[in-house]
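Below you'll find the structure, written out as structure tokens, and then a few comments.
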Amino acid sequence: MKLSSKPLIYTPDWLISFEKDVAAGILLSLDPGEVIREYRMRYDMSQEDMGELMDLRRESISRIENGTVTPTFDFVKAFTKAVALIEAVRVERAQHKGMDVYFLENIAKEFGFPREKLPFMLKLGVESYDKKLNKIQKSLKEKKEYGK
């Protein structure tokens with residue numbers, strides 16, 4: 001039996017692979033909530049941010065992360081798409097001074113993400129990338145000063 005799906009025109013292969021890796025990491029883990037927490041923290045999201053993104057209360061996110069509630073398949077599917085889209089924003093930010101919002105809008109559309117959530121996802125992706133870049137630059141500066 002072959003599963004049919006719409007061809008993805010805008011979504012790059014690396015992003016599809018990334019999405020599958022995230023989903024596998026969650027679904028195959030003995031502690032899926034911990035994996036979800038790690039991704040949330042990787043992107044410097046609060047539980048409130050994640051709740052807003054997933055249309056859930058902060059308490060629900062906390063319960064999932066603490067393992068008192070098992071994430072549903074629909075949650076994992078939506079979460080992996082959200083994380084993949086944020087990763088696409090970060091990569092776009094790293095590769096270009098300007099962001100191709102049209103490209104990102106089309107990826108969001110192919111992922112079935114609500115258009116009204118895109119500005120929030122752009123904000124999360126850009127802020128998490130910029131924080132990581134600042135941390136790296138600070139570390140390099142400290143190493144340079146230490147080496148003198």
Side-chain angles (χ1 to χ4, degrees), residues 5 8-146:
S5 63
L8 301 176
I9 298 169
Y10 293 96
T11 306
D13 290 341
W14 71 264
L15 191 58
I16 294 167
S17 179
F18 177 83
E19 180 186 8
K20 288 178 181 178
D21 288 345
V22 172
I26 294 168
L27 294 173
L28 298 175
S29 174
L30 295 175
D31 189 356
E34 180 60 29
V35 176
I36 291 167
R37 175 186 289 119
E38 288 171 6
Y39 276 104
R40 178 179 61 77
M41 294 177 77
R42 174 181 180 175
Y43 296 111
D44 204 37
M45 280 190 279
S46 67
Q47 288 181 338
E48 289 84 6
D49 289 340
M50 193 166 132
E52 183 176 335
L53 191 60
M54 303 299 297
D55 290 326
L56 293 171
R57 294 179 20 232
R58 184 204 61 79
E59 294 82 7
S60 298
I61 301 302
S62 177
R63 288 183 188 112
I64 289 170
E65 289 182 355
N66 292 327
T68 56
V69 172
T70 302
T72 65
F73 179 75
D74 287 339
F75 175 89
V76 172
K77 186 176 172 183
F79 178 79
T80 57
K81 290 185 181 307
V83 167
L85 189 53
I86 291 170
E87 185 66 20
V89 171
R90 288 170 53 121
V91 169
E92 183 71 15
R93 176 77 166 170
Q95 292 178 346
H96 309 286
K97 290 198 183 248
M99 302 255 307
D100 187 349
V101 176
Y102 178 74
F103 172 68
L104 295 167
E105 281 179 339
N106 283 310
I107 292 174
K109 187 176 185 179
E110 287 181 346
F111 277 2
F113 236 86
R115 189 163 192 243
E116 62 272 5
K117 295 231 183 222
L118 189 60
F120 184 62
M121 294 182 83
L122 287 169
K123 176 183 172 285
L124 290 172
V126 168
E127 286 177 355
S128 71
Y129 174 79
D130 288 351
K131 284 180 183 177
K132 181 179 179 181
L133 181 62
N134 287 336
K135 189 182 281 187
I136 290 169
Q137 289 172 336
K138 183 179 177 183
S139 174
L140 290 173
K141 184 179 177 182
E142 288 171 357
K143 284 182 181 181
K144 186 178 178 183
E145 290 173 1
Y146 181 73

Check against side-chain contact (heavy atoms from CB on, under 4.5 Å), V126 and M99 = CA-CA 10 Å; V126 168; M99 302 255 307; 4.0 Å; yes
Applying side-chain contact (heavy atoms from CB on, under 4.5 Å), run through F111 and E19 and close with a yes or a no.
-> CA-CA 11 Å; F111 277 2; E19 180 186 8; 3.7 Å; yes
Could you walk me through whether S139 and I136 pass side-chain contact (heavy atoms from CB on, under 4.5 Å), step by step?
-> CA-CA 5 Å; S139 174; I136 290 169; 5.7 Å; no
Begin with the C-alpha distance, continue with both residues' side-chain angles, and end with the deciding distance and a verdict on side-chain contact (heavy atoms from CB on, under 4.5 Å) for N66 and R37.
-> CA-CA 9 Å; N66 292 327; R37 175 186 289 119; 2.9 Å; yes
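Rounding to the nearest 0.5 Å gives a distance of 4.0 Å between CG of D49 and CZ of F120. To the nearest 0.5 Å, atoms CD1 (I26) and CD (E38) are separated by 10.5 Å. The distance from the CD atom of E34 to the CD atom of E65 is 8.0 Å, given to the nearest 0.5 Å. Of the inter-residue distances, the one linking N106 atom CG with I9 atom CD1 reads 8.5 Å to the nearest 0.5 angstrom. To the nearest 0.5 Å, the span separating CG on L133 from CZ on R90 amounts to 10.5 Å. With rounding to the nearest 0.5 angstrom, the OH atom of Y10 is 15.0 Å from the CG atom of L15.
Judged purely by atom type and a 3.5 angstrom limit, T68 uses its side chain to pair as donor or acceptor with the backbone of R63. No donor-acceptor pair under 3.5 Å is formed between the side chain of Q47 and the backbone N or O of E59. Checking side-chain atoms of S60 against main-chain N and O of L56 turns up no donor-acceptor pair under 3.5 Å. The main-chain N or O of G125 is found under 3.5 Å from a side-chain atom of S128 such that the two form a donor-acceptor pair. Panel note: side chain E110, backbone T11; a donor-acceptor pair is recorded below 3.5 Å.
No side-chain heavy atom of I61 sits under 4.5 Å from any side-chain heavy atom of E48. Between L118 and F113, the closest side-chain pair of non-hydrogen atoms is not below 4.5 Å. Contact annotation: the side chain of V91 never approaches that of Y129 to less than 4.5 Å [non-hydrogen atoms, C-beta and beyond]. A 4.5 Å side-chain heavy-atom check between L122 and I86 finds every atom pair outside the cut-off. Residues F75 and I36 have side chains in contact (heavy-atom distance under 4.5 Å, counting atoms from C-beta outward). Side-chain contact between E105 and R115 is present, with at least one heavy-atom pair separated by less than 4.5 Å. Between E92 and V101, every side-chain heavy-atom pair lies at or beyond the 4.5 Å cut-off.
Contact detail for P71 and V76: the closest heavy-atom pair is CB-CG2, 4.0 Å. Of all non-hydrogen atoms in F103 and P12, the two that sit nearest each other are CZ-CD, 4.1 Å.
Annotation for N134: atom CG counts as buried by contact number, over 12 foreign heavy atoms lying within 6.0 Å. Atom CG of L30 is surrounded by 12 or fewer heavy atoms from other residues, nucleotides or ligands within 6.0 Å.
Side chain to side chain, Y43 and E87 meet the donor-acceptor criterion of an N or O pair below 3.5 Å.
A salt bridge is defined here as a Lys NZ or Arg NE, NH1 or NH2 lying under 4.0 Å from an Asp or Glu carboxylate O, and K123 with E127 meets this definition. Between D130 and R93 there is a salt bridge, since a side-chain N of the basic residue sits under 4.0 Å from a carboxylate O of the acidic one. Ionic pairing of D55 and K117 is present here: one or more N-O contacts between side-chain nitrogen and carboxylate oxygen are shorter than 4.0 angstrom.
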